[in-house]
Amino acid sequence: MDITKHRFPVSSIVSLLFLIVPYFVVNAGFLVSDKIPPHDSATFHYPAFQAIADSFKQDHAFLQWFWVSGGTRTGLSHVSCFHFIPHRIVGYLLYCILPVSMVFMYKLQLLLGMILTAAGWWLVLKRTFNSPLIAYFGAQMILLGGTGIALHEEQVISTMHLIPWLILALQNMEHDSNQILAVAAISGISLSTHQPQIQLITVGLILTGYVLYNSMWKKWKLIFTPGRTAISLALIILGTLPALYLYQQTDILATALRLKGALSAQTFADYALLNRQQMSSAFPFYLGQYVLPIFSSAGVSADRCAFFVGRIGIVMAVIGGACAFRRAWPALLALVVFVLLTLGFNSPVPIPKILYTLHFPFINFFRQWIHFFPMMNLALSVLACFGLEKILQWTRNSIAGKTVLAVLLLLQVTELSLYCRRYLREFSTDAPVVKMESQVFAKDNQGPAKLFAYKSRQIFETAYPGIAFDEPILQRVTPDGKTVF
């Protein structure tokens with residue numbers, strides 16, 4: 001029997017449960033605690049989730065209108081609606097019907113978002129390598145690795161949660177031309193979930209690469225019939241409308257504080273200064289985390305911990321890139337491209353300057369180059385699967401091959417689980433005790449918007465002294481437009 005094609009003697013649903021169980025087990029203590037991820041999660045995302053969930057429970061509806069914060073790092077700085085993506089909506093609904101705390105439900109929906117992402121990635125790898133076990137290995141690199149534990153940057157989930165499903169739709173399109181509708185819908189919606197700059201670049205590269213690598217352009221007449229083309233364009237337009245609305249209505253929806261903050265830079269020098277001041281690009285030494293992971297005891301930021309997929313995974317990726325190059329080169333090329341993008345202003349290739357010069361859409365609002373890291377990890381996952389497949393081919397039809405497979409899976413899951421627990425122990429923090437209020441903000445009768453803000457910075461700092469503020473994020477805006485600190 002060829003063990004590279006070995007399947008679990010159970011259904012795919014049960015196979016996915018085997019993928020999910022270790023993640024829940026590792027996060028169980030964190031889930032039932034009063035801790036939440038640090039940084040933006042504590043200063044904005046948890047209170048925002050609380051306000052929207054309360055709106056669901058009390059008013060049985062979303063908040064009244066698109067809203068932005070009073071200066072926190074969300075909303076118009078990213079041009080996004082990520083508070084309304086699938087796992088968030090599930091979280092709001094579950095909070096309405098389950099007798100659980102807000103803190104518990106906030107963390108549960110974060111875990112559900114990562115599980116949704118990893119499930120899609122498992123299906124992609126299973127389809128690519130025709131092996132649930134190889135797919136399991138690669139998917140755990142994402143779910144239990146740095147990508148799945150970087151919940152302090154929950155925007156990362158919003159950035160990447162549709163990418164596996166886009167690739168899966170492309171794979172299915174080889175046998176079902178109607179899947180182009182799913183590709184169009186996902187591509188459009190992704191632009192409105194979070195950071196359209198990342199989505200435009202990532203989705204563009206995926207679509208271009210897949211079409212060229214699989215010679216899909218030869219079948220374009222079969223795929224793009226007049227009806228499918230019209231529906232696909234409509235789906236893309238509908239998906240991008242929220243992002244376009246927010247981008248065009250900045251002066252209506254933003255507070256005076258945000259407008260004075262000059263979120264968009266008018267010159268590249270200003271844009272570079274904005275990015276460097278906020279350290280929005282990964283440093284080259286972050287890549288060392290893949291091999292020699294260190295934590296906060298050495299002054300390491302939580303962001304750096306995202307750069308980890310397990311050292312067994314890295315070894316497999318090296319084997320895959322070296323020994324299966326003829327098949328693995330697209331993943332290797334993707335890895336190089338996304339490493340350069342993640343490094344941003346620290347990259348040897350001046351990608352930010354090139355994109356700014358070309359007036360790339362939304363680029364003057366973009367600061368988070370480091371958020372390209374999930375695509376790096378996805379590429380490493382694919383390379384590792386090629387490596388594991390190669391090892392299994394070398395040892396096929398032998399007890400040694402099955403033993404190697406079992407040992408590698410055990411070592412991988414064990415190391416990733418220990419890494420995840422260490423991250424949670426080092427970086428989780430107490431949930432805020434000050435509730436974020438929802439204030440109605442109107443400007444010149446041009447349209448209402450919901451504005452989240454704490455009553456005062458002093459109250460918040462007293463209740464939660466561990467927060468380090470790097471910008472004036474707490475304010476209250478009254479209905480007549482006055483700002484009260």
Side-chain angles (χ1 to χ4, degrees), residues 23-24 26-70 72-75 80-116 148-158 161 193-194 302 423-425 427-440 450-457 459-467 473-474 476:
Y23 189 61
F24 264 115
V26 171
N27 285 280
F30 173 66
L31 185 61
V32 299
S33 72
D34 59 354
K35 303 288 185 180
I36 62 171
H39 306 318
D40 284 358
S41 292
T43 58
F44 178 76
H45 298 306
Y46 167 71
F49 177 86
Q50 183 182 38
I52 299 173
D54 281 340
S55 178
F56 261 65
K57 194 167 187 176
Q58 297 170 11
D59 303 328
H60 310 292
F62 281 114
L63 291 175
Q64 182 178 353
W65 196 251
F66 288 123
W67 47 263
V68 294
S69 69
T72 50
R73 296 177 292 273
T74 189
S80 64
C81 303
F82 75 89
H83 296 290
F84 308 106
I85 57 181
H87 65 270
R88 278 253 175 177
I89 295 176
V90 170
Y92 305 143
L93 293 174
L94 289 177
Y95 178 70
C96 294
I97 61 177
L98 296 179
V100 296
S101 70
M102 185 72 73
V103 174
F104 177 90
M105 187 52 62
Y106 172 73
K107 290 181 289 187
L108 179 62
Q109 60 88 26
L110 289 178
L111 300 185
L112 290 176
M114 273 312 308
I115 289 171
L116 174 68
I149 67 173
L151 301 179
H152 65 281
E153 289 284 9
E154 72 169 270
Q155 305 102 309
V156 171
I157 306 176
S158 306
H161 77 286
T193 55
H194 188 60
Y423 166 85
L424 293 173
R425 185 169 64 251
F427 291 105
S428 58
T429 187
D430 293 329
V433 295
V434 180
K435 184 175 180 180
M436 183 178 279
E437 292 188 353
S438 176
Q439 301 290 337
V440 176
K450 286 293 184 178
L451 182 68
F452 293 144
Y454 289 99
K455 288 185 176 180
S456 76
R457 184 187 184 107
I459 292 177
F460 187 83
E461 288 179 324
T462 301
Y464 198 78
I467 296 295
I473 68 170
L474 302 177
R476 181 180 180 180

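Of all heavy-atom pairs spanning Y95 and S101, the tightest one is CE1-C, 4.2 Å. Between V103 and S33, the shortest heavy-atom contact is CG1-O, 4.1 Å. The nearest pair of heavy atoms linking K107 to K35 is NZ-O, 2.8 Å. Nearest heavy atom pair, residue P86 against residue H161, reads CD-NE2, 3.9 Å.
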Mind running side chain to side chain contact (heavy atoms under 4.5 Å, CB included) on M114 and I157 for me, showing each step along the way? CA-CA 6 Å; M114 273 312 308; I157 306 176; 4.0 Å; yes

With side chain to side chain contact (heavy atoms under 4.5 Å, CB included) as the criterion, how do L424 and I149 come out once you've worked through the C-alpha distance, each side chain's angles and the decisive distance to 0.1 Å?
CA-CA 8 Å; L424 293 173; I149 67 173; 5.8 Å; no

Could you walk me through whether M102 and Y46 pass side chain to side chain contact (heavy atoms under 4.5 Å, CB included), step by step? CA-CA 9 Å; M102 185 72 73; Y46 167 71; 3.7 Å; yes

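For the atom pair CG of L108 and NE2 of H87, the computed distance is 10.5 Å after rounding to the nearest 0.5 Å. The distance from the CG atom of L110 to the CZ atom of F49 is 8.0 Å, given to the nearest 0.5 Å. Taking CD of Q109 as the start and CD1 of I85 as the end, the distance is 8.0 Å to the nearest 0.5 Å.
Taking L111 as the reference, Y23, F24, N27, L31, L151 meet the side chain to side chain contact (heavy atoms under 4.5 Å, CB included) condition, with sequence neighbours excluded. With sequence neighbours excluded, the residues that form a side-chain hydrogen bond (donor to acceptor under 3.5 Å, both in side chains) with Y106 are S41, E154. Every residue two or more places apart in sequence or in another chain that forms a side chain to side chain contact (heavy atoms under 4.5 Å, CB included) with L98 is listed here: L94, V100, M105.
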